[in-house]
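Following: one structure in structure tokens, then a few remarks.
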Amino acid sequence: MISLASGTEEPQESTFRAANVSPNERPFPPAPVEQTRNDTEGLSRLLQEYSLPVAVASSLTSWTKGANSLAVIMALLAGVQVGLVQLVAQNESLPNDVTTRTLRWFMYAGVLIDLGGTASAIAIVVTSTAAVAAARDKIILEEDSLPHKVLKGDPIPEILLTEERETELLEEFGIPRTFKLLGWHMLISFITGSLFIAISLCIWIWKTESSVIFGTLVPLVLITLSPVFLILAATVQE
């Protein structure tokens, strides 16, 4: 603004406002310590309500349901094998020949395999239930981990969302690498245990029943085990 009395230009207040402000009154960005404290508090609030991403949670749900189902089935198969062992032990008319000893081997092996598969299925369920805690540990301890980046807003890489990389995605979120081995052991135990109980039944029928009964039941055994063969074929293709 220009003064009419003196003809001189008065300095505007906004021009020299910064010069009249005390250094202690000037606005400064938050100190690094305060910024770090705010980031830590924000991360703590997010961790208190943390839940797994939908892709990871749905994958673990599928694994848990499958493991629960196979655990029940293999426990039942082990029970059938134990009942067959008792039946053979009580039948004193069976000769102690190679066929009878082979029958007993398949029965005992079937029980052990089914129990081992059941243990693997239970281990998968237990590991899946601890997935949230494992992911939280990676977020806290590893800033470069995928769970930490996803919590900050980054997307999961599309390559990890494919079926072939499913276990790798789970490993990124804290699931141990033994998880995949447990899955293979569970599946192989189920397939092998089913075959062993079928072989045991076939040998038992052959030893105790007529040739007509044996000849008519063997095709039914093959039909009964057809889903197992399909699972085995799909596993080999993968």
Side-chain angles (χ1 to χ4, degrees), residues 46-83 109-139 145-151 155-198 200-201 221-238:
L46 291 175
L47 287 174
Q48 291 175 11
E49 301 177 356
Y50 178 73
S51 59
L52 294 171
V54 176
V56 180
S58 60
S59 178
L60 287 174
T61 300
S62 300
W63 275 94
T64 303
K65 291 182 178 179
N68 280 325
S69 301
L70 288 181
V72 174
I73 293 173
M74 287 186 285
L76 293 176
L77 291 178
V80 172
Q81 289 280 42
V82 171
V111 172
L112 294 175
I113 290 173
D114 288 329
L115 291 178
T118 303
S120 295
I122 295 174
I124 288 176
V125 174
V126 173
T127 304
S128 299
T129 56
V132 176
R136 277 201 299 259
D137 288 343
K138 296 203 72 172
I139 293 172
S145 64
L146 182 59
H148 191 101
K149 294 178 181 179
V150 172
L151 186 65
I156 298 176
E158 292 183 3
I159 189 64
L160 294 178
L161 298 177
T162 59
E163 184 179 359
E164 293 78 9
R165 308 290 289 276
E166 181 183 22
T167 54
E168 295 184 26
L169 174 63
L170 298 180
E171 290 173 6
E172 290 287 344
F173 278 82
I175 297 297
R177 294 184 178 180
T178 55
F179 190 84
K180 186 175 183 178
L181 296 177
L182 289 173
W184 275 106
H185 183 261
M186 176 184 66
L187 181 60
I188 293 174
S189 297
F190 168 69
I191 295 173
T192 307
S194 300
L195 293 175
F196 277 21
I197 191 173
S200 301
L201 287 174
V221 172
L222 296 176
I223 295 174
T224 302
L225 292 178
S226 58
V228 178
F229 295 142
L230 293 176
I231 295 175
L232 179 60
T235 304
V236 172
Q237 290 179 357
E238 292 179 0

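To the nearest 0.5 Å, atoms OG1 (Thr178) and NE2 (His185) are separated by 12.5 Å. The line from CD1 of Ile188 to CG of Leu181 is 10.0 Å long, rounded to the nearest 0.5 Å. Atom CD1 in Ile159 sits 8.5 Å away from atom CD in Glu168 (nearest 0.5 Å). Going from atom CE of Met186 over to atom CD1 of Ile122 covers 11.5 Å, rounded to the nearest 0.5 Å. Distance check, rounded to the nearest 0.5 Å: CG of Leu151 to OH of Tyr50 gives 6.5 Å. The distance from atom CG of Leu146 to atom CG of Leu169, rounded to the nearest 0.5 Å, is 7.0 Å.
Remark: Leu182 engages Ser120, Ala123, Ile124 in a side chain to side chain contact (heavy atoms under 4.5 Å, CB included) (not counting sequence neighbours). Contacts of Phe179 classified as ring-ring contact (aromatic ring centres under 6.0 Å, His included), with partners at least two apart in sequence or in another chain: Trp63. Scored by the side chain to side chain contact (heavy atoms under 4.5 Å, CB included) test, Asp137 finds no partners at all (sequence neighbours excluded).
No more than 12 heavy atoms of other residues, nucleotides or ligands sit less than 6.0 Å from atom NZ of Lys180.
The side-chain heavy atoms of Ser145 and Glu172, taken from C-beta on, include no pair separated by under 4.5 Å. Residues Leu70 and Thr118 are not in side-chain contact: their nearest non-hydrogen atoms beyond the backbone lie 4.5 Å or more apart. Ser194 has its side chain within reach of Leu77: a pair of non-hydrogen atoms, C-beta onward, lies under 4.5 Å apart. Between Phe196 and Leu112 the shortest side-chain heavy-atom distance does not fall below 4.5 Å. Using a 4.5 Å cut-off on side-chain heavy atoms (C-beta onward), Arg165 and Thr162 make contact. Looking at heavy atoms from C-beta onward, Met74 lies in side-chain contact with Ser189 at the 4.5 angstrom threshold. Side-chain atoms of Val56 and Ile175, non-hydrogen and from C-beta on, never get closer than 4.5 Å to each other. Using a 4.5 Å heavy-atom cutoff, the side chains of Leu201 and Val221 are not in contact.
Between Ala71 and Ala121, the closest heavy-atom pair is CB-CB, 3.7 Å. When every heavy atom of Gln81 is checked against every heavy atom of Val111, the shortest pair comes out as CB-CG2, 3.2 Å. Heavy atoms only, all atoms of each residue included: Val126 and Thr129 are closest at O-OG1, 2.6 Å. Here the closest non-hydrogen pair linking Leu52 and Ala135 is CD2-CB, 3.7 Å. Summarising the geometry of Asp114 relative to Gly193, their closest heavy-atom pair is OD1-CA, 3.4 Å, with the distance given to 0.1 Å.
A donor-acceptor contact shorter than 3.5 Å is absent between the side chain of Ser59 and the backbone of Ala55.
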